[in-house]
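Step one of this worksheet: look at the structure below.
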Amino acid sequence: MRESNRDSFGNSFGVLVALAGSAVGLGNIWRFPYLVGENGGAAFIILYVIFALFLSLPIMFCEFVIGRRSQVNAVSSFSKLHPGGHWNLVGFLGVLSAFVITSFYCVIGGWGVKYFLKALLFEFKADAAIDYSQMFVNTASSVWPPIIYMAIFFLISAAIVSSGVKNGIEKCSKIMMPVLFILMIAIAVCSMLLPGANVGIRYIFRPDFSVVTGKTVIAAMGQAFFSLSLGMGIVLTYASYVKRDENIIRSSLLTISFDTLFALIASCAIMPAVFAFGFEPSAGPGLVFITLPKLFSQMPAGGIAAIVFFFAFLLAAMTSAISLLEVVVAFVVERFNCSRKKAVAVLSIIFLSVASLNSLSQGVLSDIKIFGMNILDFFDYISANFMMTIGAFFIVIFVGWKLGKEAFQDELTNGGSLNIPQKFVDSIFVIIKYIAPLVIFAIVACSL
Ligand code: PHE
């Protein structure tokens, strides 16, 4: 293990933008606004914040502690901290989850590239002859174009990862994240100034506790996992590049706050406009690739809004894609002792092949079904519902029962140099050791 010449983040701001870059992604733009509207508005937001603070935060601490203490990739970290046993399988599961998610995330990123180009060519016109649902189906289901756009998205992300942690991931995140934030705020302001926007704002924020059911609670938990990219070694891998004096509590809290704030701003950007123009809100690809283009075609200065939106969409998706890719690259570099560039080059061939299958599953390969789902839907389903949650389950078990409180506290307090109240550490550790495993087990059981 070439620990001494390992790359690392330059400063705390770099760590924060990289973590936030991973967290802020499609989940904030196409999932959160809809989930909030569907599940009782402010009632859902409150639930989400509770889960983010009481479940995601302790899990994030665990990943941070494992990564920074071991200073190696997701797989080796477990065996380094606890030699013997098969704990490195948890790391393998993380690398596998990152692999699976990257392979379909890049296909969606590719659709984003295509729609950004469409926006640049002002193709979203208020023309009754344009069927936006059909336009999306055509985009996703043809053979070569979506593969080529996926490859463009993937290769840009791969080039960033190939340049290293400090010169690639950190440098790009430092530019991309502030730009993304400003663009989203600008869209939100314009959207909320539209006549009739208040219906959308009410849709997001009206607290309606009557629609809160067991399903709502599960949805809030699932979102708190997915949106913060937990359970697959991303935070763990990034933390392995973090200096020993970084404040883990502060970085984690800031990441969670920023991710939640961004999700709320994205909701204010999307829903008021959707309602102002009389559309039905929807989640997932339907929202971004059908409802919004239709909306842009009808709103004043919609052409410009479309360009800005799809550019922001690409930035958000790309900073998440690079974090996924980094988990796999870090493992390959250290496991096979090869250069980063070589690892990225070899992995690119594998990724492009699997991602192409995902892309084709929307068209010519749509008949191939796994448990009744096409390949992309199946990958999406098992990664979000099982791989991430099972990964998180074993991560908390590892820290709670194997690594132990002393090591956990040592990392959290930077070897005792930070003054953290003992009560805080104790309570967090109780969550990690007992509560989090039970809750995560319940989520998996309920989604079966
Ligand atoms: N957190 C990202 C989002 O909100 C999604 C993601 C999940 C990214 C898992 C990486 C890993 O869109």
Side-chain angles (χ1 to χ4, degrees), residues 16-36 48 51-52 56-57 59-60 63 67 74 93-109 111-112 153-154 157 160-161 169 173 176-177 180-181 184 219-239 252 255-267 270 283-285 287-288 312-330 351 355 376 379-392 395:
L16 181 67
V17 283
L19 282 171
S22 172
V24 169
L26 306 184
N28 305 58
I29 297 176
W30 84 18
R31 219 158 162 248
F32 187 84
Y34 179 76
L35 281 178
V36 171
Y48 176 83
F51 284 120
S56 304
L57 186 67
I59 299 172
M60 196 175 264
E63 287 205 29
L93 179 66
V95 172
L96 191 66
S97 315
F99 182 90
V100 166
I101 299 178
T102 314
S103 71
F104 71 81
Y105 212 81
C106 289
V107 175
I108 301 165
W111 299 342
F153 179 87
F154 176 82
S157 315
I160 296 172
V161 171
I169 299 175
S173 305
M176 288 158 104
M177 289 313 288
L180 171 62
F181 196 59
M184 243 338 146
M221 275 197 274
Q223 179 67 6
F225 264 90
F226 185 79
S227 192
L228 292 160
S229 320
L230 293 171
M232 77 198 71
I234 289 183
V235 178
L236 193 161
T237 304
Y238 275 5
S252 305
T255 304
I256 291 185
S257 314
F258 185 76
D259 184 67
T260 308
L261 180 68
F262 189 90
L264 290 172
I265 295 173
S267 307
I270 294 170
L287 174 69
V288 171
F313 176 92
L314 282 180
L315 293 180
M318 199 165 278
T319 46
S320 294
I322 58 180
S323 73
L324 285 160
L325 199 51
E326 177 59 28
V327 174
V328 188
V329 169
F351 269 116
L376 193 149
F379 276 10
D380 180 10
Y381 177 76
I382 51 160
S383 54
N385 290 299
F386 298 106
M387 299 173 89
M388 292 175 75
T389 35
I390 293 173
I395 286 171

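Indexing begins at 1, ligand by ligand and atom by atom, following the structure's order.
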> So is R31 in contact with ligand 1, going by heavy-atom distances below 4.0 Å?
Replying inline: no
> For ligand 1, is there an N or O atom under 3.5 Å from any N or O atom of S323?
Replying inline: no
> For ligand 1, which atoms, with element, lie under 4.0 Å from some heavy atom of N28?
Replying inline: 3 (C), 4 (O)
>> Could you tell me, atom by atom, which parts of ligand 1 come under 4.0 Å of a heavy atom of Y105?
In response: 5 (C), 12 (O)
>> Check the orientation of Y48 and F32. Use parallel for under 30°, tilted for 30 to 60°, and perpendicular for over 60°.
In response: perpendicular
>> Among S320, S22, S323, exactly one meets side-chain hydrogen bond (donor to acceptor under 3.5 Å, both in side chains) together with S229. Which residue is that?
In response: S22
> Are side-chain heavy atoms of M60 and L19 found at a separation under 4.5 Å?
Replying inline: no
> Should R31 and Q223 count as side-chain neighbours, where that means a heavy-atom distance under 4.5 Å?
Replying inline: yes
>> Distance under 4.0 Å to a non-hydrogen atom of I234: what atoms of ligand 1 satisfy this?
In response: 10 (C), 11 (C)
>> Show me which atoms of ligand 1 lie under 4.0 Å from any heavy atom of M232.
In response: 9 (C), 11 (C)
>> One residue to check: F226. Relative to ligand 1, which of side chain, backbone, both or neither has a non-hydrogen atom less than 4.0 Å away?
In response: both
>> Against ligand 1, does F32 come closer than 4.0 Å with any heavy atom?
In response: no
> Are any of the side-chain heavy atoms of T389 and M221 separated by less than 4.5 Å?
Replying inline: no
> Between the side chain of T237 and the main-chain N/O of V327, is any donor-acceptor distance below 3.5 Å?
Replying inline: no
> What is the ring orientation for W30 with F313, classed by angle as parallel under 30°, tilted 30 to 60°, or perpendicular over 60°?
Replying inline: tilted
> Are any non-hydrogen side-chain atoms of W111 and V288 less than 4.5 angstrom apart?
Replying inline: no
> Which ligand 1 atoms, with their elements, are less than 4.0 angstrom from a heavy-atom of L26?
Replying inline: 3 (C), 12 (O)
> Can you find an N/O atom of G27 closer than 3.5 Å to an N/O atom of ligand 1?
Replying inline: yes
> How close does the nearest protein non-hydrogen atom get to atom 4 (O) of ligand 1, and which residue and atom is it?
Replying inline: A23 O, 2.9 Å
> In ligand 1, which numbered atoms sit nearer than 4.0 Å to a non-hydrogen atom of S22?
Replying inline: 1 (N), 2 (C), 8 (C)
> Does any N/O atom on S320 come nearer than 3.5 Å to any N/O atom on ligand 1?
Replying inline: no
> Considering only heavy atoms of L324, which atoms of ligand 1 have at least one such atom less than 4.0 Å away?
Replying inline: 10 (C), 11 (C)
> For atom 8 (C) of ligand 1, what's the nearest protein heavy atom and its distance?
Replying inline: S229 OG, 3.7 Å
>> Could you tell me if the side chain of F181 sits less than 4.5 Å from the side chain of V24, heavy atoms only?
In response: no
> Less than 4.5 Å apart, any side-chain heavy atom of M177 and any of L16?
Replying inline: no
